[in-house]
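Report on one structure; see the data block that follows.
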Amino acid sequence: MKKICCAFVVCFVMMFVSVAGGAENAKGTMTSGTYGTAWLTNNRIVRVYDGKSVVEPFTNVKVDTLISADVLGEGSDQLLFIDNAKKSLNIYSFKTKTLSGPFGSNIRTLAAGRFSPSDAAPSLFVCTFAGDVFQWTKDVMDKAWIRISGTFSKVASGSFDPKNKGNFAVISNGNVYTFSTQWQTYSKILEGQNIVNLVAGNFTDAPNDELILINKSKRAFLYQNNNAKDLKQNVSDVAVGKNGDQPDTIYGLDESSNVIVFDRVSGEWSKLKNNVPDPCTGIITQTNPDGKGHQLFVSTHNGFYKIQPEGETINLANLPNPSVVLRDKNTNVPLAEYRYISVKAKPYIDILRTPSGKNILRDSPHDHLHHHGLMFAVAVDGHNFWEENSPNIGRQLTRKIYIKQADGKKTEAAASDNRTSSLESDLDWVNGADKVLIKEKRKVDVQLSDAVNSNAGGKVTLLDWETTLIADDKGAFLDKISHHYYGLGMRFDKSMDKGGRFFSDKSDNKFDVVRGDEKVTECRWLAYTSKLNGEQVTVAVFGHPGNPIPTKGFSMGDSPKGHFAYLGITLNLHRQPVSMKPDSSLTFRYRVVVWDGEATPETVEKTFQQYR
């Protein structure tokens, strides 16, 4: 094959030396990454299993091909896909961005991989039906796409030939080539087999990667050590499972749609024990967070299954959605998730995003398992609703939860798709014997709003939380066993724990130290600014002027020896407990505001002035 053109030589001084962060099946209908596992339904709608539940990240979009990679260099993978109707290339990272290029709507397939380990992000490759290949990287996202010489139908990244430094492979006219970064040339490694698909992995103890190749007749080959070995098996799909330092595992679907696994020692295939009830249509793996193993998933026409090591299966498509996804009503951008199913003691906001889509919250960290994102709890009648391991523990039980439809009507969440900008919930606060101590009506609403100035971005995320506590005919006691932090509080992402700064509407920023770096201050609002995975963000919590208890902000974590950062509004019940009269109620309203960037005290104050 001809030598590469000069422009390509300049840009491709170093080619792929590692497989992209995500994984794909041979069909391009399933993929996995740090966000979870995604697949296409029969009507080509994307569904994602994130380890908790199955969600549809975007609706009314039919998709042709899926891959996963961190092409934006954000530290977590994005979902990349081809829109079936528009034939456009899109990146999804909590909201969709369309990438335009010289390929127009002539997109055949996608691939991703890194030039070198030092690269901030993998490069994205687009293969067109005309055989052209174009390359895009984050660093040149506003510049022209780079056209790669050649006529390709498929690209896979890896380190296939250390001697000649061939670090990615392509299919051209049914033949397979690797590219040498040393000589800037392609080498034909297999011809005459009419190859239509390829998947990369490391299946031996050798330092270089190998290829699983599939020809037009669905025959599978293993290319290793400059030799293509017939694996004596026809497959409709193939996936590779990562095993850390050990060789990868090869899975496939045979012509009867059974799950099969390849034994590299015997060279034989065998059926994998499982009880999936229907013929399988796709197969994919997801690498474990520690990189030392993987999980196996298959799709059918009626479900999506996780196959356990013992062969037992779980139909993940039947899992109840444990959360209500709260979206901006104008843009449909997801801003928060309210988790209420399978919670130990209380429902809470487990995801709250900046306008650009970054989640600021942390759920149940190992040091304080009862810290759940953004939550509200106090002590009632001697029972603790904050901690979850005390002898007098109480629980907040969700009796009903409603979401607001576009027409303003309320619908029970169990009968909806759990997508809304506003929810309402009826809760019973019960003791260990399930006796109701107090009732609550809770409302949560989110929106994207224009920022009052541009020093921290053009948009802000607003979350409004309203809690109404209702006593029965005997009354209720919000008692003094409450600690100085009981009320509304939030635990931040680990990256925000160090190096942050708290400030309030008080010009002197004077805080009353309760113990260590735990502080309480009487204020109208309290804010915290820190770096979230290297990028500055600001979070503020407002107490409504009409609340029955004056706002007192709680903070911790701004000292060098602080263990973690925490922000909230305390009800100050440890000093001033509240006796509720029979059949009385108390309503507390709060607003949480999130900026991309560092908001100034003036910006926060102007934003607070809009809160009425």
Side-chain angles (χ1 to χ4, degrees), residues 321-327 329 335-352 361 363 370-380 383-386 388 394-405 408-416 418-431 436-447 461-472 476 478 482 486-491 541-544 546-549 551 568-571 573 578 580 583-593 611:
N321 190 338
S323 303
V324 174
V325 179
L326 295 165
R327 298 171 177 264
K329 62 183 178 182
L335 299 175
E337 292 189 20
Y338 180 83
R339 187 173 178 86
Y340 69 101
I341 293 178
S342 301
V343 295
K344 184 174 181 180
K346 49 187 170 286
Y348 55 93
I349 298 289
D350 65 340
I351 292 177
L352 178 59
L361 298 179
D363 183 18
H370 57 277
H371 284 181
H372 296 292
L374 173 65
M375 65 184 197
F376 179 87
V378 295
V380 179
H383 291 81
N384 183 351
F385 288 86
W386 186 275
E388 296 174 354
R395 293 177 297 145
Q396 300 172 0
L397 302 182
T398 300
R399 297 306 187 189
K400 287 187 177 181
I401 188 164
Y402 305 92
I403 67 170
K404 187 179 291 185
Q405 303 289 351
K409 295 181 179 179
K410 292 193 303 183
T411 306
E412 283 200 53
S416 72
N418 287 7
R419 297 161 184 261
T420 182
S421 64
S422 180
L423 68 85
E424 297 182 15
S425 183
D426 296 335
L427 300 97
D428 287 343
W429 293 38
V430 304
N431 63 14
V436 178
L437 304 180
I438 200 168
K439 290 181 178 291
E440 179 190 354
K441 286 190 175 295
R442 181 176 294 180
K443 298 179 182 179
V444 181
D445 180 88
V446 300
Q447 61 176 306
T461 299
L462 303 181
L463 183 145
D464 289 329
W465 181 298
E466 180 179 308
T467 282
T468 299
L469 299 177
I470 306 167
D472 62 15
L478 311 185
S482 294
Y486 283 16
L488 184 81
M490 68 191 87
R491 181 71 185 264
V541 59
F542 301 165
H544 193 275
N547 283 347
I549 296 176
T551 300
I569 291 182
T570 173
L571 296 190
L573 297 175
V578 174
M580 296 181 63
D583 301 315
S584 66
S585 65
L586 291 172
T587 297
F588 301 93
R589 295 172 60 191
Y590 306 100
R591 172 168 285 181
V592 180
V593 189
Y611 183 43

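Values below: every heavy atom of this structure, side chains too, minus hydrogens, waters and symmetry copies.
A side-chain donor-acceptor contact under 3.5 Å links Asn384 to the backbone of Trp386. Of the possible donor and acceptor atoms, one in the side chain of Asn547 sits under 3.5 Å from a partner among the backbone N and O of Arg589. The main-chain N or O of Asp445 is never found under 3.5 Å from a side-chain atom of Glu466 such that the two would form a donor-acceptor pair.
Partners of Lys346 under the side-chain hydrogen bond (donor to acceptor under 3.5 Å, both in side chains) rule, at least two apart in sequence or in another chain, are Glu388. With sequence neighbours excluded, no residue forms a side-chain hydrogen bond (donor to acceptor under 3.5 Å, both in side chains) with Ser585. In this view, Ile351 and Glu337, Arg353, Asn359 satisfy the side chain to side chain contact (heavy atoms under 4.5 Å, CB included) rule, not counting sequence neighbours. Take Asp428 and apply the side chain to side chain contact (heavy atoms under 4.5 Å, CB included) test, not counting sequence neighbours, and it matches Arg399, Val430, Val436, Lys439. Under the rule for a side chain to side chain contact (heavy atoms under 4.5 Å, CB included), the partners of Ile569 that lie at least two apart in sequence or sit in another chain are Val541, Thr551, Tyr590. For Tyr348, the side-chain hydrogen bond (donor to acceptor under 3.5 Å, both in side chains) test picks out Asp363, with sequence neighbours left out.
The structure places CZ of Phe385 at 11.5 Å from CZ of Phe376, a figure rounded to the nearest 0.5 Å. Put simply, OG1 on Thr420 and NZ on Lys404 are 8.0 Å apart, with the number rounded to the nearest 0.5 Å. Atom CD1 of Ile549 and atom CZ of Phe588 lie 4.0 Å apart (nearest 0.5 Å). We find the OG-CG distance between Ser584 and Asp472 to be 9.5 Å, quoted to the nearest 0.5 Å. Rounded to the nearest 0.5 Å, atoms CE (Met490) and CG (Leu352) are 7.5 Å apart. Note that CG of Leu397 is 8.0 Å distant from CG of Leu427, once rounded to the nearest 0.5 Å.
The shortest non-hydrogen separation linking Gly394 to Ala345 is O-CB, 4.1 Å. Closest approach of Ser421 to Arg327, counting heavy atoms only: CB-O, 3.0 Å. The heavy-atom pair separating Ile349 from Ala336 by the smallest distance is CG2-CB, 4.3 Å. Nearest heavy atoms, Leu335 versus Gln447: CD1-C, 3.5 Å. Nearest heavy atom pair, residue Val380 against residue Ala476, reads CG1-CB, 4.5 Å. Across every non-hydrogen atom of Asp350 and Leu361, the tightest pair is O-CB, 4.0 Å.
Applying the salt bridge (charged side-chain N to carboxylate O under 4.0 Å, His left out) test between Glu424 and each of Lys410, Lys441, Lys400, Arg442 identifies Lys410 as the sole match.
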Stepwise side-chain contact (heavy atoms from CB on, under 4.5 Å) test for Leu573 and Tyr486: CA-CA 8 Å; Leu573 297 175; Tyr486 283 16; 5.7 Å; no
Intermediate values then yes/no, side-chain contact (heavy atoms from CB on, under 4.5 Å), Thr461 and Val446: CA-CA 7 Å; Thr461 299; Val446 300; 5.6 Å; no
Residues Val593, Phe542; criterion side-chain contact (heavy atoms from CB on, under 4.5 Å); working and verdict: CA-CA 8 Å; Val593 189; Phe542 301 165; 3.7 Å; yes
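Using a 4.5 Å heavy-atom cutoff, the side chains of Leu488 and Leu374 are in contact. Counting only heavy atoms from C-beta outward, the side chains of Tyr611 and Leu462 never approach each other to under 4.5 Å. Between Leu463 and Val444, the closest side-chain pair of non-hydrogen atoms falls below 4.5 Å. Using a 4.5 Å heavy-atom threshold, the side chains of Leu586 and Leu478 count as touching. In this structure the side chain of Met580 reaches within 4.5 angstrom of the side chain of Ile438, judged on heavy atoms.
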